[in-house]
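Taking it in order: structure first as structure tokens, then the write-up.
Throughout, protein chains are lettered first and strands after them, A, B, ... in sequence-line order, and every chain is numbered starting at 1.
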There are 2 protein chains.
Amino acid sequence: MTTINDIAKMANVSRTTVSRVLNNSGYVSEEVRKRILDIVEKTGYIPSVSAKSLRTKRSGVIGVILPKISTETASRVVAGINEVVSREGFQILLTDTELKKEKEIEYIRLLQSRHVDGIILLATNINDQLLSTIKEVNLPFISLGQDLPGITSIVYDDYHAAVDVTNMLVNKGHSKIAFIGVGEDDPAVGVMRRKGYLETMEKHGLSVDPSWMQEGNFSIESGYESMKKITKESHGNLPSAIFVVTDRMAIGTMEYLKEQGYNIPGDMAVAGIGASVMSQYVSPSLTTVDYFNRDAGSKSAQLLLDQLKYKNINEKFTQNYRLIMRDSV
Amino acid sequence: MTTINDIAKMANVSRTTVSRVLNNSGYVSEEVRKRILDIVEKTGYIPSVSAKSLRTKRSGVIGVILPKISTETASRVVAGINEVVSREGFQILLTDTELKKEKEIEYIRLLQSRHVDGIILLATNINDQLLSTIKEVNLPFISLGQDLPGITSIVYDDYHAAVDVTNMLVNKGHSKIAFIGVGEDDPAVGVMRRKGYLETMEKHGLSVDPSWMQEGNFSIESGYESMKKITKESHGNLPSAIFVVTDRMAIGTMEYLKEQGYNIPGDMAVAGIGASVMSQYVSPSLTTVDYFNRDAGSKSAQLLLDQLKYKNINEKFTQNYRLIMRDSV
DNA sequence: AACATATGTGTAATCGATTCCACATTGTTT
DNA sequence: AAACAATGTGGAATCGATTACACATATGTT
């Protein structure tokens with residue numbers, strides 16, 4: 001490896017001067033600058049990031065903590081983040097909690113030790129230990145998808161999206177609307193979407209049979225099983241529409257229905273959330289909500305970079321969304 | 001930030017001793033070890049990775065270069081890589097070339113300057129400059145998906161997969177089989193899959209109308225357009241089956257066919273490669289080839305770690321695959 | 001008892017950059 | 001012509017770890 005000292009020697013200057021050229025700081029004569037740049041070019045010299053970051057306390061890396069790496073949402077968000085940060089010469093250090101809560105905290109600490117310049121967390125839950133860890137590491141921090149108190153958060157409008165979907169189903173003439181959600185430890189997906197559904201049903205004076213509310217775990221399979229449960233447990237009091245809180249589970253739901261010979265949307269209307277590519281190509285195509293994940297990713301990244309440059313702002317942002325009407329309703 | 005010096009002072013020892021405790025090297029009395037560990041625990045001290053890696057030349061990070069971050073293949077591969085490396089305490093530094101070849105080289109250099117311990121590259125092409133750059137950085141290196149001469153590569157068996165798909169279509173009674181491929185600068189997807197198709201057609205003595213061979217760019221849209229071209233340009237000599245080299249393009253192909261009122265597989269059989277989740281849920285479900293991307297990812301990671309520990313092996317591995325018969329054929 | 005070996009700890013050099021300070025030269029202002 | 005500012009360059013400390021080497025003490029072997 002060639003180092004700054006090698007370059008200095010070759011150019012017959014001190015390493016101070018080389019550093020000045022490389023960082024465009026201080027005075028350097030045009031002649032020397034050119035000489036140094038030529039040598040840098042020729043040797044393909046690249047400064048050691050470790051040395052640089054040891055000295056400057058900045059690494060040019062931002063840490064991203066994902067609940068699950070191989071999901072469409074995650075990869076869209078990462079693409080959005082990458083778009084912004086790479087433009088400014090930053091790199092992404094990826095970590096995957098595999099949906100285990102303890103790991104969120106563990107990875108925050110780990111990223112800190114790696115001197116990342118900031119962290120973007122896609123949390124799946126909220127707890128005190130998580131919050132205090134975030135406070136402790138004291139780094140520019142963005143929460144994406146969950147509203148973490150005291151921390152800059154950019155959240156999806158889960159409540160209103162759920163309200164809109166439910167209203168839309170009601171407006172289409174449905175009064176018996178079922179719901180497949182996820183666990184309540186996830187405030188965004190588990191709590192807010194369910195709340196939007198329940199309150200809208202109530203507002204319209206529509207009753208909800210207990211058997212109509214099932215809980216999945218984000219997988220296609222769990223959507224399939226939940227739908228099966230509804231048909232089994234509702235004893236003839238079958239809903240005419242179902243609101244499933246994620247596209248993947250909605251796909252599973254549709255699979256079961258199709259398998260059982262139900263017509264979609266004739267016998268049962270289905271709506272999801274997520275606007276996965278798949279939702280467009282299943283048949284019938286799935287009515288869903290687009291959360292603009294990629295935009296959410298770039299926005300988080302932008303906010304993080306802002307925090308890095310200026311103050312530690314603590315603000316809340318709500319991402320907007322769009323209901324996509326398709327053939328499943 | 002607390003440093004090793006702070007810990008040393010608090011424990012009334014030299015930083016050498018602290019380092020020994022932290023790295024389990026050399027002799028340290030049980031008493032001192034305990035004293036130090038207690039302090040480390042209490043202060044939440046984490047060693048600076050920059051300092052450590054400046055001194056040791058190892059970072060605990062492995063670099064991954066992807067052609068496109070938000071694809072199913074990429075996220076599966078990354079999941080596989082992550083599974084293996086995180087188990088050994090390594091982190092992933094992600095970069096995305098956005099399908100631009102120059103960036104592959106640029107990122108290799110960049111990862112080098114970040115002192116990554118190794119690199120996994122998902123290349124989309126091969127050229128001399130790329131090869132020489134890889135030689136120069138002289139790091140444990142794995143190429144996934146392309147066979148790079150002189151470099152440990154783990155490749156998909158594109159040729160035989162294409163042969164199998166084509167044979168399968170022939171065995172189903174098709175003799176007029178079209179093909180949608182990608183550009184030839186991609187040796188794996190562009191060249192090998194086409195070769196498998198052409199040679200198999202030839203072996204069966206089947207002719208290929210020039211209009212039956214189109215080229216897309218991996219996008220769903222380009223599959224749609226290619227199919228449109230085939231119907232337009234074949235002047236009545238329409239194929240009865242089509243082999244599309246990626247699932248996404250195959251989905252686009254099916255879209256066009258369905259839109260035009262063709263029956264799949266009655267009027268036209270369609271086969272893809274990739275086993276995307278989507279392929280399972282479109283209708284009709286798509287016959288495709290499963291490349292076990294996740295396994296390929298973990299295998300690459302495992303090989304990289306092996307190289308790190310032992311020698312710089314230079315071997316070639318061929319990943320196996322599986323033809324999945326579904327309803328589109 | 002003499003010597004070798006094992007155990008425990010510290011000193012100081014080192015990794016490759018950045019940056020404060022000093023110093024020299026040149027140009028500008030009074 | 002003296003004083004001052006602007007420009008250009010280098011010396012040396014520094015960031016926070018690792019590690020070769022030296023040294024002291026304890027233990028074991030003949």
*asked:* Rounded to whole Å, how long is the line connecting atom CG of L22(A) with atom C1' of dA17(C)?
replied: 10 Å

*Under 4.0 Å: is that the gap between some side-chain N or O of K57(A) and OP1 or OP2 of dG16(D)?*
yes

_N127(B)/N125(B) under side chain to side chain donor-acceptor pair (under 3.5 Å): CA gap, chis, key distance, verdict_ = CA-CA 7 Å; N127(B) 61 70; N125(B) 71 105; 2.9 Å; yes

*Separation of dT7(D) P from R20(A) CZ (nearest whole Å)*: 14 Å

_D96(B) with K68(B): basic N within carboxylate O range, under 4.0 Å_ = no

*Closest to the A51(A) side chain, choosing from dG10(C), dA17(D), dG16(C)*: dG16(C)

*Roughly, in whole Å, what's the span from CG in N5(A) to P in dG10(D)?*
13 Å

*Indicate, with a heavy-atom threshold strictly under 4.0 Å, whether N12(A) touches base, sugar-phosphate, or nothing.*
sugar-phosphate

*asked:* Side chains of S25(A) and N23(A): any donor to acceptor distance under 3.5 Å?
replied: no

*Nearest to side-chain heavy atoms of T17(B), which nucleotide of dT18(D), dT19(C), dT9(C)*: dT9(C)

*Would you kindly give the CG-to-P distance between D6(A) and dG16(C), to the nearest whole Å?*
8 Å

*Please determine, for the side chain of S14(B), which listed nucleotide (dT11(C), dC21(C), dG16(D)) has the closest atom?*
dT11(C)

*Does Q319(A) reach the main-chain N or O of K299(A) with its side chain, forming a donor-acceptor pair under 3.5 Å?*
no

*Measure from CG on L54(B) to P on dT14(D) and round the result to the nearest Å.*
17 Å

*asked:* Quick check on DNA chain C: between T56(A) and V13(B), whose nearest nucleotide comes earlier from the 5' end?
replied: V13(B)

*Reckon T16(B) touches a base, only the sugar-phosphate, or nothing at all at heavy-atom distances under 4.0 Å?*
base

*Using a distance-only test with no angle check, is there a side-chain donor-acceptor pair under 3.5 angstrom linking R294(A) and N82(A)?*
no

_Nucleic acid contacts of residues 25-41 of chain A, taken as heavy-atom distances under 4.0 Å to DNA chain D_ = Y27(A), V28(A), S29(A), V32(A)

*Of all the choices, dA17(D), dG10(D), dA13(D), which nucleotide is nearest to the side chain of R15(A) once you look at every atom?*
dA13(D)

*Show your reasoning for whether side chain to side chain donor-acceptor pair (under 3.5 Å) applies to S53(B) and S50(A).*
CA-CA 6 Å; S53(B) 110; S50(A) 316; 2.7 Å; yes

*In whole angstrom, what separates M1(A)'s CE from dA17(C)'s C1'?*
12 Å

*For S48(A), answer base if it contacts any base atom (sugar-phosphate contacts may also be present), sugar-phosphate if it contacts only those atoms, and nothing otherwise; contact means non-hydrogen atoms under 4.0 Å.*
sugar-phosphate

_Value in whole Å for how far the C1' atom of dA17(C) lies from CG of N23(A)_ = 9 Å

*Does the side chain of Q146(B) come under 3.5 Å of the side chain of D186(B) through a donor N or O and an acceptor N or O?*
yes

*Send over the distance from I4(A) CD1 to dT9(D) C1', rounded to a whole Å.*
14 Å

